[in-house]
Amino acid sequence: MKRKLLIRDLTLRDGQQSQFATRMTQKQIDRVLPYYKDAHFYACEVWGGAIPDSIMRYLNEDPWERLEKINAAIGNVSKLTALSRGRNLFGYNPYPEDVIEGFNRLAIKSGVHIMRIFDALNDINNMKSTIKYVKENGGIADCAVCYTVDPHFDYKERVKSFFSGKKIPDKIFTVDYFVDKAKQLEELGADIISIKDMAGLIPPSDAGEIIKRLKQEVKLPIDIHTHCTPGYGLAAVLKSIVNGVDIVDTVISNFAGGPAAPSFGLVQIFADKLDLDTGVNLDAVVRINRELKEIRLELAQFDENKLFPKDFAISNYTLPGEVDWMFDKAIEYAKEDKEDELIDVCQQIEKHFNFAPPDEIVKNAQIPGGMYTNMIAQLKQAGLEDMFNRVLELIPTVRLDSGLPPLVTPTSQIVGVQAVYCVISESKDEPMYKNTSTQFVNLVKGVYGKTPFPVDPDFREQIAGVREEMPYDTSKYQMQPNPTLPEFEDVKLAINEKEELLLELFPAVAANFLKRKREIEYKKMLAAIAAEEEAEQRRINEENEKYNALSDEEKEQMLTEGLYSSW
């Protein structure tokens, strides 16, 4: 019997978020759902991440309705997956237990089967309550360890560090680090372990070694998640497959590659050559991909890549000789641990199929693409675009000072913003940390959890005014107000628990969305009342006409018998 390779399709969440700023509308999603019902992916990631915020903010759509509609269409065929940042859910600060419980309970009730739980600091303590509530409500706890790399310090920085007394640590993010985190999560009740590389920075060597160790030391299904931005994605996935990974995250071709995850079609070809069974209906995938091309054209204003992959029917293909050998060579290199050759041939494969080339700046800087673009925008706003290289030089120092947080959402943005602040201060001959963001202060203070490397108490005192870690105190948490709206006859802004949670998790965006929703409902109610009054008036007019057409005797008889109700 063939070995199974399960596929988690990311197209409707991570795929469109990475490529098109999460602008897919419900109508566009509805067009592909019938094909997804036939596709039989093991799982489909459809919710969480930027979905709830973005669709309220930009599309005026209800996040809960999106989840429920997708569940009604395909929830009995593929497991639906959502993304959650543990105690932080979608924000920065940790939430109290009742908010965490309510979110996970209602998400599972609305259709989520698998909740992928991660923490930006890989602080296991921040994941405990979500694991508990997911499992209590019948969900599958997919616990992710965030992959990141150690900061690179050049010789000059190391010499400077030596004389300043600031210790540069030995390698922190080793294979042992990731395996130990996975073991802790297994003990807490995880059902799946994911290695989640949101920046696409995991090289094939690390991917292969981590997966190999996890398959030896953890008794749970293992998932690999990565992106293609720096050019490692496809090679890292192949290396994971030959080392026994159970689940691979992919995106359907027209939404794949570049800042998104590797293409399902390319992974399927490798599976065919390795005699692995993905269980996916390939005819359905071809139909989905065809519709996605039309949808991508509709989303052109959000498509920064604009490079469409070759039309390729994975359900019935014959590879031309000039590319067939590349797949064979890639498998050979993956099995023989020839990393450079593997990366090179996988990039040739992606080039042949017209996927986006590697982003060399992101690759060399070893930072996520979103972090890079955000820093560029900040520098432009300050008129300091020419200082970008200095920002890159400072990122390792800022990371080290703040406890070596992984470069994942949202800590990558916190570090990136602070590095820009430091350069702006330097440009004014001010101390490096003259200006700090609230989030950076909270990170150093310990509000977001325990960092992988201890923050120096002197630095914490300098930045946050305290020497000891100060975890977030949820007992002081203030629930968001839920006002009545006098302009809509004193209806509450949020009228049920789901809407109250939206208001709690996305205060400003949800408040605007819910107010628009109440206004639409109020106008519909007024229109319904007006229509009812109009219908009643028409009925009265019709009765009057009939009555007026009667003879005097008939009128008198009707009045006597009480049959004329209009008076």
What residues form a side-chain contact (heavy atoms from CB on, under 4.5 Å) with L33, not counting sequence neighbours? L12, I29, D30, I70, A73, I74

The complete set of side chain to side chain donor-acceptor pair (under 3.5 Å) pairs with one or both residues in residues 262-272, sequence neighbours excluded, reads Q268-D272, Q268-T278, D272-Y317

Parallel under 30°, tilted from 30 to 60°, perpendicular over 60°: which one fits the rings of Y177 and F173? perpendicular

Just by modelled atom types, is the A256 backbone N or O under 3.5 Å from a matching donor or acceptor in the Q19 side chain? yes

Tell me which pairs pass salt bridge (Lys or Arg N to Asp or Glu O under 4.0 Å) where either residue lies in residues 69-92, with sequence neighbours left out. none

Determine whether a donor-acceptor pair (N or O, by modelled atom type, separation under 3.5 Å) exists between the side chain of Q28 and the backbone of T25. yes

Hits for side chain to side chain donor-acceptor pair (under 3.5 Å) against Y477, two or more places apart or cross-chain, chain-then-number order -> E504

Chi angles and distances behind the salt bridge (charged side-chain N to carboxylate O under 4.0 Å, His left out) call for E217, K183: CA-CA 8 Å; E217 301 178 40; K183 288 179 176 179; 2.6 Å; yes

Pairing residues for D277 by the side chain to side chain donor-acceptor pair (under 3.5 Å) criterion, not counting sequence neighbours: K4

Over 60° means perpendicular and under 30° means parallel, so classify the ring planes of F90 and F506, tilted if in between. tilted

Using the salt bridge (Lys or Arg N to Asp or Glu O under 4.0 Å) rule, collect all pairs that involve residues 128-142, keeping only residues at least two apart or in two chains. R8-D142, R116-D142, K135-D191

Contacts of Y42 that satisfy ring-ring contact (aromatic ring centres under 6.0 Å, His included) - sequence neighbours left out: none

Using the salt bridge (charged side-chain N to carboxylate O under 4.0 Å, His left out) rule, take E294 and R290 through it: C-alpha gap first, then chi angles, then the decisive distance, then the call. CA-CA 7 Å; E294 296 304 313; R290 191 179 300 127; over 6 Å; no

Stepwise salt bridge (charged side-chain N to carboxylate O under 4.0 Å, His left out) test for E497 and R105: CA-CA 11 Å; E497 189 181 4; R105 170 172 44 82; 2.6 Å; yes

Using the ring pair (Phe, Tyr, Trp, His ring centres under 6.0 Å) rule, pick out the option among F20, F302, F355, F308 that qualifies with F255. F20

Test of understanding: with salt bridge (charged side-chain N to carboxylate O under 4.0 Å, His left out), list the residues that count as partners of E291, not counting sequence neighbours. R31

Verify the distance criterion only: is there a donor paired with an acceptor across the side chains of D9 and Y36 at less than 3.5 Å? yes

Sequence neighbours excluded, which residues qualify as side-chain contact (heavy atoms from CB on, under 4.5 Å) partners of P203? Y147, S205, D206, E339

So do the side chains of L282 and V280 get within less than 4.5 Å of each other, counting heavy atoms only? yes

Please name all residues satisfying side-chain contact (heavy atoms from CB on, under 4.5 Å) with T451, sequence neighbours left out, ordered by chain then number. L121, L443, V455

Check: N104 side chain, I100 main-chain N or O, donor-acceptor pair, under 3.5 Å: yes

Pairs satisfying side chain to side chain donor-acceptor pair (under 3.5 Å), at least one member in residues 90-99, at least two apart: E97-Y133

What pair of heavy atoms forms the shortest contact from P452 to P405, and how long is it? CD-CA, 4.2 Å

Could you pull out all residues at least two apart from S110 that satisfy side chain to side chain donor-acceptor pair (under 3.5 Å)? E68, K498

Let me see the working for R518 and E487 under salt bridge (charged side-chain N to carboxylate O under 4.0 Å, His left out), right down to the final yes or no. CA-CA 10 Å; R518 299 290 87 87; E487 64 269 43; over 6 Å; no

Take atom NZ of K492 as the centre, draw a 6.0 Å sphere, and report whether it contains more than 12 heavy atoms from other residues, nucleotides or ligands. yes

Please say whether more than 12 non-hydrogen atoms of neighbouring residues, nucleotides or ligands are located less than 6.0 Å from NZ in K517. yes

Full working for side chain to side chain donor-acceptor pair (under 3.5 Å) between D283 and S315: CA-CA 5 Å; D283 288 324; S315 60; 3.2 Å; yes

